[in-house]
Amino acid sequence: MIHRAHGRGPWRGHGRNVPRRAPFAMNDSSAIVTRFAPSPSGHLHVGGARTALFCWAFAKGRSGRFVLRIEDTDQKRSSDAASIGFAKDLHWLGILWDEGPIWQGTGGGAHGPYFQSERLDIYNAHLQRLIDAGHAYYAFETAAELDAKRKAATAGGRAYRYDRAALQLSAAQVQEKLSAGTPAVIRLKCPGHDVTICDEVLGEATIPATEIDDFVIRKADGFPTYHFAVVVDDQLMQVTHVLRAQEHFTNTARHMLLQDALGFRRPAYAHLPIICNPDGSKMSKRDKDKALRKAVAERGLSAPPAATVDATVWNAWLGDKNIQLELDAAQRLADAIGVTLPEINVDDFKRSGYLPEVIINFLALNGWSPGNDIEKFDLEFLRTHFDPKRVVKTPAKFDRVKLMSFNCDAITGMTPEDFERRAAAHGNMYHPDFMARLGPAGFTMLARASQERSKTLDDMFRGNRFLMLADDDLCWETSKQVQKAMLDGSPCGADHLESLLPILEAHSSWTATDLEALVKPFADAHSGGQLGKVAQPLRVAVAGGTVSPPIFDTLAILGRESSLARIRRCTAHFKTLRAASPR
RNA sequence: GGCCCCAUCGUCUAGCCUGGUCCAGGACACCUCCCUUUCAAGGAGGACACAUGGGUUCAAAUCCCAUUGGGGUCACCA
């Protein structure tokens, strides 16, 4: 039975329903080859990143090859077809391909080109073979006609299957339409038997023949469909193991039919569980658009904020749920209306200050685990330990909180030098104004003061905006904590501040240790040794609120003049506040 | 809706194939306390799961069936 896939691949079944298979005898020409085959995009989705990661680990852990192939057969989405911006994301994560598009020293290979749009001749040759053998045929229905039939079927409660009307045409009729230039697709003539998929993680599943109709393998524009291109390329690129997302599971039946018709060998399949949002829905790039639409609706916005989105684009977008804003425009809009878009792409997590090694580690834990209660590991460990046998079947909800915790552990575990270096790289990329304002010495101080309370590389920038403010622009929060720090007790914080000010003003050395040596005795003398009674008012004075790095570090980073200016303004501010509403 | 797949703490998961060592282990989150100049971090405790119902068996989280619930997929997208 050609549609069965027994005895293939070195993977062994596991779990309840997986029949065991004999190990596949390997010979020299049967090196392991995996591939990651995304459509072109500027950004790598975390789900895609995990697929790439597992493909990479499986091949590299077995002295195999990892191929990157770009599936750009959809001309409608080809506006950015040349863009494989995600290459930088893969690179950042440390996932390098042995074969594929040439990018910064990696790529190339003997089985290219690796863009499907450049392989049309190859597909056409195999397509012709199929037609000649009677395994495929031309069909002339338009997309609109098919749509109508599909609608009618669904309305009648039936699933639509292509009716093979084109098969009624005589060879002469077909030829006539073809020479007349009538748009035509090519469909596979399915053999009409059930197909049993043998999946290395899901086990065996039989798809009934009635579920697979004569699907299109070449579109009217002359491009192959995904199904056809995948099967041809996997064969030609010598792919032995296909690891891909579970959403492709039922497609596998089509691919197997195609392999049989073309006389190709069958790679082993492993379908990875989907990565979901906390609410259980599939994590998708569209989630950003959804979040934005929700925010716009909640705010009752009828026109785009200035300098975010073009008015016509805006109207088109609001008028059609199927349209998504360009990522840049979406980000501008989100910034303007103050919403945080969900992190979906690898790039998003990078911007948020996550470490690549942590993302790798955490991603691998979604759908796989090495067992023995091991949770923390690196790429090299994954390479040597990854095994599809241990991939789980259930969808995983992506837990950003746990990711954050892993990131925090990694950051606190770094040497101070490492942290400073990596935080500086992050700052230079995403917060250049901040870096310029602090200067190298200030940055070093801030980095040292921030590491143990940083969960991401971005925290020290996000959390210390007060450092960027001009002294005169600082405002004081009206929160309960601030009230308490400044006005509670007698003497209250503001009083302490006032008596401390001349002492500070008389002091010229402005290092953290010197300041501490100055303020500690003051607290001993004036607040019964409770440093908090003095430190908190100081903090509020210079930071505007009750949260900052350790206070003496904060003062040192800010510098003498700024600190004193802020303290003076603060004392005055709370004096008028107290005068206005005596407690 | 048809078809396919899945089902262990709130979440990621170990255990399931080869039934007993599991009144179910780890991690994140959560709760309590400690530490503390804020926020974190850290330390010590704690609560929390085998979806339900039937079988099989001396014995079931583990095997079988049903129910329920969840996911995927049904394009000239990939």
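If you're wondering where the values come from, they're calculated on a predicted model, not measured in any experiment. Letters A, B, ... are given to chains in the order of the sequence lines, protein chains preceding strands, and every chain is numbered from 1.
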Quick one: is the NZ or CZ of [X] closer than 6.0 Å to the six-membered ring centre of [Y], and within 45° of its axis?
| X | Y | result |
| --- | --- | --- |
| A:K376 | A:F406 | yes |
| A:K177 | A:F140 | yes |
| A:R254 | A:F215 | yes |
| A:R187 | A:Y162 | yes |

Could you tell me whether A:R244 and A:E71 make a salt bridge, using a distance below 4.0 angstrom between a side-chain N and a carboxylate O?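 Answer for the salt bridge query: no.
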Less than 4.0 angstrom from a charged side-chain N to a carboxylate O is my criterion; do A:R462 and A:D459 meet it?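 A salt bridge is present here (some side-chain N lies under 4.0 Å from a carboxylate O).
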Report yes if at least one side-chain N or O of [X] is closer than 4.0 Å to OP1 or OP2 of [N]; otherwise report no.
| X | N | value |
| --- | --- | --- |
| A:K282 | B:rU73 | yes |
| A:R150 | B:rC76 | yes |
| A:K76 | B:rC77 | yes |
| A:S369 | B:rA14 | yes |
| A:K219 | B:rC77 | yes |
| A:T142 | B:rC76 | no |

Which part of the nucleic acid does [X] contact within heavy-atom distance under 4.0 Å: base, sugar-phosphate only, or nothing?
| X | result |
| --- | --- |
| A:V185 | base |
| A:A220 | base |
| A:G367 | sugar-phosphate |
| A:E141 | base |
| A:N372 | nothing |

[N] versus [M] - spacing of their [atom1] atoms, nearest Å:
| N | M | atom1 | result |
| --- | --- | --- | --- |
| B:rC28 | B:rA47 | C1' | 15 Å |
| B:rG43 | B:rA24 | P | 25 Å |
| B:rU57 | B:rG10 | P | 34 Å |
| B:rC9 | B:rC58 | C1' | 31 Å |
| B:rU32 | B:rU73 | P | 42 Å |
| B:rG54 | B:rA59 | P | 15 Å |
| B:rC63 | B:rG19 | C1' | 8 Å |
| B:rC5 | B:rA44 | P | 47 Å |

Using nucleotides 39-46 of chain B, report all nitrogen or oxygen pairs with the protein that are shorter than 3.5 Å.
from   : atom 1 : to     : atom 2 : distance (Å)
B:rC39 : N3     : A:R453 : NH1    : 2.3
B:rC39 : N4     : A:R453 : NH1    : 3.0
B:rA41 : OP1    : A:K455 : NZ     : 3.3

Among [options], find the nucleotide with the atom closest to the side chain of [X].
| X | options | result |
| --- | --- | --- |
| A:L146 | B:rC12, B:rC5, B:rC76 | B:rC76 |
| A:R187 | B:rC76, B:rU37, B:rU13 | B:rC76 |
| A:I551 | B:rU37, B:rA29, B:rU73 | B:rU37 |
| A:R539 | B:rU38, B:rA78, B:rG2 | B:rU38 |
| A:S39 | B:rA78, B:rU37, B:rU11 | B:rA78 |

In whole Å, I'd like the distance from the [atom1] atom of [X] to the [atom2] atom of [N].
| X | N | atom1 | atom2 | result |
| --- | --- | --- | --- | --- |
| A:H271 | B:rG71 | NE2 | P | 20 Å |
| A:N277 | B:rU11 | CG | P | 14 Å |
| A:I197 | B:rC6 | CD1 | P | 12 Å |
| A:E247 | B:rU73 | CD | P | 5 Å |
| A:D399 | B:rA27 | CG | C1' | 10 Å |
| A:R400 | B:rG10 | CZ | P | 21 Å |
| A:E375 | B:rG25 | CD | P | 15 Å |
| A:R254 | B:rC77 | CZ | P | 13 Å |

Cut-off 3.5 Å, side chains only: do A:Q116 and A:D72 have a donor facing an acceptor?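 Short answer, no.
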Salt bridge (charged side-chain N to carboxylate O under 4.0 Å, His left out) assessment of A:R69 paired with A:D234: CA-CA 10 Å; A:R69 181 175 74 220; A:D234 282 348; 2.9 Å; yes
Hey, which of these two, A:A184 or A:P208, hits RNA chain B nearer its 5' end, going by closest nucleotide?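 Nearer the 5' end of the strand: A:P208.
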Of A:Y160 and A:T394, whose nearest nucleotide on RNA chain B comes first from the 5' end?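 First, find each residue's nearest nucleotide; the 5'-ward one identifies A:T394.
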In terms of the angle between their ring planes, are A:F54 and A:F386 parallel, tilted or perpendicular, with boundaries placed at 30° and 60°?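 The arrangement is parallel - the two ring planes meet at less than 30°.
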So what's [N] paired with, Watson-Crick or G-U wobble, going by both distances under 3.5 Å?
| N | result |
| --- | --- |
| B:rC77 | none |
| B:rU68 | B:rA7 |
| B:rC16 | none |

Considering only heavy atoms and no angle criterion, is a donor-acceptor pair shorter than 3.5 Å present between the side chain of A:K402 and the base of B:rA29?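 Side chain to base: no pair below 3.5 Å.
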So that I know where these two stand, are A:H227 and A:H255 an aromatic pair - ring centroids less than 6.0 Å apart?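 Yes: the rings meet the under 6.0 Å criterion.
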